[in-house]
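Notes follow the structure.
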Amino acid sequence: MAETPEDKHEHSTAPGEAAAAAANPGSARAAMSRQKFLTGATVGLGGLMGAIIAVPVTVAVLAPSFKTIKEYPVDIGPTTLYPETAAGLVPWHDVTFENRPDDVSGLSRRLVFIRNDGNDKFTAISNTCMHLGCPVQANATGFACPCHGGQYDKEGRRIAGPPVRPLNRYETSVDDKGHLILGQLYAMDDSLKRHQLKGPGQPVDGILSYLYPPAPQG
Amino acid sequence: MPRTRPTAKELVVDAPLEWVEERSGFVGLVESFLFRKVPADTSWLQTLGSSLLTVFMLQATTGVILAMSYHPDPASAYESIRYITDQETLGWLVRGMHKWGSSVMVILLFLHMARVYVFGAYKYPRELTWITGGILFIMVMAMSFTGYLLVWDQRAYWATVVGVNINGTGPIVGPYLANFFKAGPVFGEQTLSRFYSLHMLVIPGGIFTFIFIHMWLVVRLGVTSPPWSRKRYDESAAREAVESTR
């Protein structure tokens with residue numbers, strides 16, 4: 001494209017000419033034409049208005065993705081409710097509870113398997129399958145998931161099927177009234193070492209665990 | 001020439017249409033859409049796209065009717081579904097149409113996509129039609145996923161738990177995506193209303209938009225001949241056809 005004299009003026013204005021153009025914005029020599037200014041103003045103001053609408057909406061929609069898991073200690077009654085079981089029997093007592101004090105929907109109902117290990121020590125295993133989150137059941141050999149056939153041993157370690165890690169556990173303690181208290185939920189690896197909680201299907205150890213940021217708990 | 005009295009058809013049909021046409025150009029627009037040129041050997045297989053559009057309109061209409069009685073609230077969602085099915089006049093039929101229509105839509109979508117693939121209709125100059133079709137495909141899948149939860153029975157709940165957790169196993173973004181669907185770190189009251197909003201407002205809006213673009217491209221670029229077509233491709237005739245649509 002051949003450059004016209006006007007183009008030249010617009011792109012390379014000598015210092016004296018710039019001052020003259022500023023004094024008379026209507027002239028063809030103006031640093032910015034009226035049309036250019038209005039186009040810029042429309043795009044700029046339109047973009048600003050768009051951002052004023054879009055930013056709060058996007059933040060509100062995405063904020064729940066970064067929420068921390070809130071957990072409350074739950075009193076599940078006197079330890080006498082959970083006696084030691086004879087060898088050979090299913091050792092688990094299953095208990096349902098609400099993990100949120102203000103729950104009205106029943107959506108926070110959880111099921112936990114309690115085993116009395118003697119001397120006021122208890123093991124509390126969550127029933128959430130570590131394949132994709134279905135509820136597992138206790139049986140004579142351990143736990144089994146009805147959805148996709150995941151099988152676990154008596155300590156909640158995977159023995160067959162698709163789960164990627166052992167079942168989650170709850171911290172347990174006995175208060176001064178002799179009640180069993182469930183604390184934080186945490187994840188386990190195959191050597192029964194404790195890890196920060198992650199969602200079902202997400203490994204907590206090995207190389208793959210780096211692909212899954214843990215959910216912050218509070 | 002003596003003036004004759006207008007016939008009934010001219011009075012009732014032609015005159016109002018002419019009035020609208022003169023002011024809006026809508027009649028010409030609709031005519032050019034409905035009476036556009038297609039290859040002489042266009043096949044029945046090429047009606048799958050219009051079938052999909054029809055089923056989408058069915059889903060949109062029955063969905064609006066269902067939304068009039070559905071409560072997106074964990075305490076009453078299931079009861080409202082029971083009300084629609086058992087109490088409402090023809091509610092069972094409207095719900096059944098919406099439920100079975102969703103399966104029909106997914107089946108037709110696969111057939112339509114297979115037809116386009118086998119005919120080679122995704123090739124130049126129709127790549128954008130294929131891409132917008134791919135986006136529509138993803139949105140229809142998202143509709144199926146979000147609609148499934150709304151029944152709020154045990155199957156709906158656990159299937160969605162599994163579906164959300166599958167999203168959670170995506171690397172890096174997976175856990176955040178799962179929390180996005182759940183509207184928080186765990187399933188709660190907000191999960192159902194979020195799915196409801198996605199199902200009846202967000203995704204349908206996207207589908208409407210992309211159907212418009214998809215069909216704009218179909219009309220602009222014309223329909224492909226079947227691969228078994230014996231008619232030789234006549235470039236000058238094709239150019240003439242394209243020119244005539246401008």
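Numbered from 1 within each chain, the chains take letters A, B, ... in sequence-line order. Just so it is clear, the values below take in all heavy atoms, side chains as well, and ignore hydrogens, waters and symmetry mates.
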Rounded to the nearest 0.5 angstrom, the NZ-NZ distance for B/K182 and A/K67 is 11.5 Å
Answer with side chain, backbone, both or neither: which region of B/V186 has an atom nearer than 4.5 Å to a non-hydrogen atom of chain A?
side chain
If you take all heavy atoms of B/F180 and A/V61, which pair is closest and at what distance?
CE1-CG1, 3.2 Å
For B/F26, look at atom CZ and say whether over 12 heavy atoms of other residues, nucleotides or ligands are found less than 6.0 Å away.
no
Cut-off 4.5 Å, heavy atoms of chain A, and the answer for B/P175 is both
Heavy-atom distances under 4.5 Å only: say whether A/V164 touches chain B with side chain, backbone, both or neither.
neither
Taking non-hydrogen atoms and a cut-off under 4.5 angstrom, which of residues 106-117 of chain A neighbour chain B?
A/L107, A/R110
Donor-acceptor check, side chain of A/Y212 to backbone of B/T169, threshold 3.5 angstrom: yes or no?
yes
Relative to chain A, which segment of B/F181 carries a heavy atom at a distance below 4.5 Å: side chain, backbone, both, or neither?
neither
A/I207 atom CD1, over 12 foreign heavy atoms within 6.0 Å:
no
Non-hydrogen atoms of B/A183 and A/P64 that approach each other most closely
C-CB, 3.3 Å
Please determine whether the number of non-hydrogen atoms from other residues, nucleotides or ligands lying under 6.0 Å from atom CD of A/E84 exceeds 12.
yes
Decide yes or no for B/N165 and A/Q202: does some side-chain heavy atom of the first lie under 4.5 Å from some side-chain heavy atom of the second?
no
Non-hydrogen atoms of chain B under 4.5 Å away: do they reach the side chain of A/H131, the backbone, both or neither?
neither
Hey, does A/C134 have a side-chain heavy atom less than 4.5 Å from the side chain of B/V161?
no
Please say whether more than 12 non-hydrogen atoms of neighbouring residues, nucleotides or ligands are located less than 6.0 Å from CZ in B/R155.
no
Given that the side chain runs from C-beta out, which part of A/P135 has a heavy atom under 4.5 Å from chain B: side chain, backbone, both or neither?
both
If you count every heavy atom of other residues, nucleotides or ligands that lies below 6.0 Å from B/Y122 atom OH, does the total exceed 12?
yes
Is there a side-chain contact between B/I166 and A/L132 in this structure, where contact means two heavy atoms from C-beta onward sitting under 4.5 Å apart?
yes
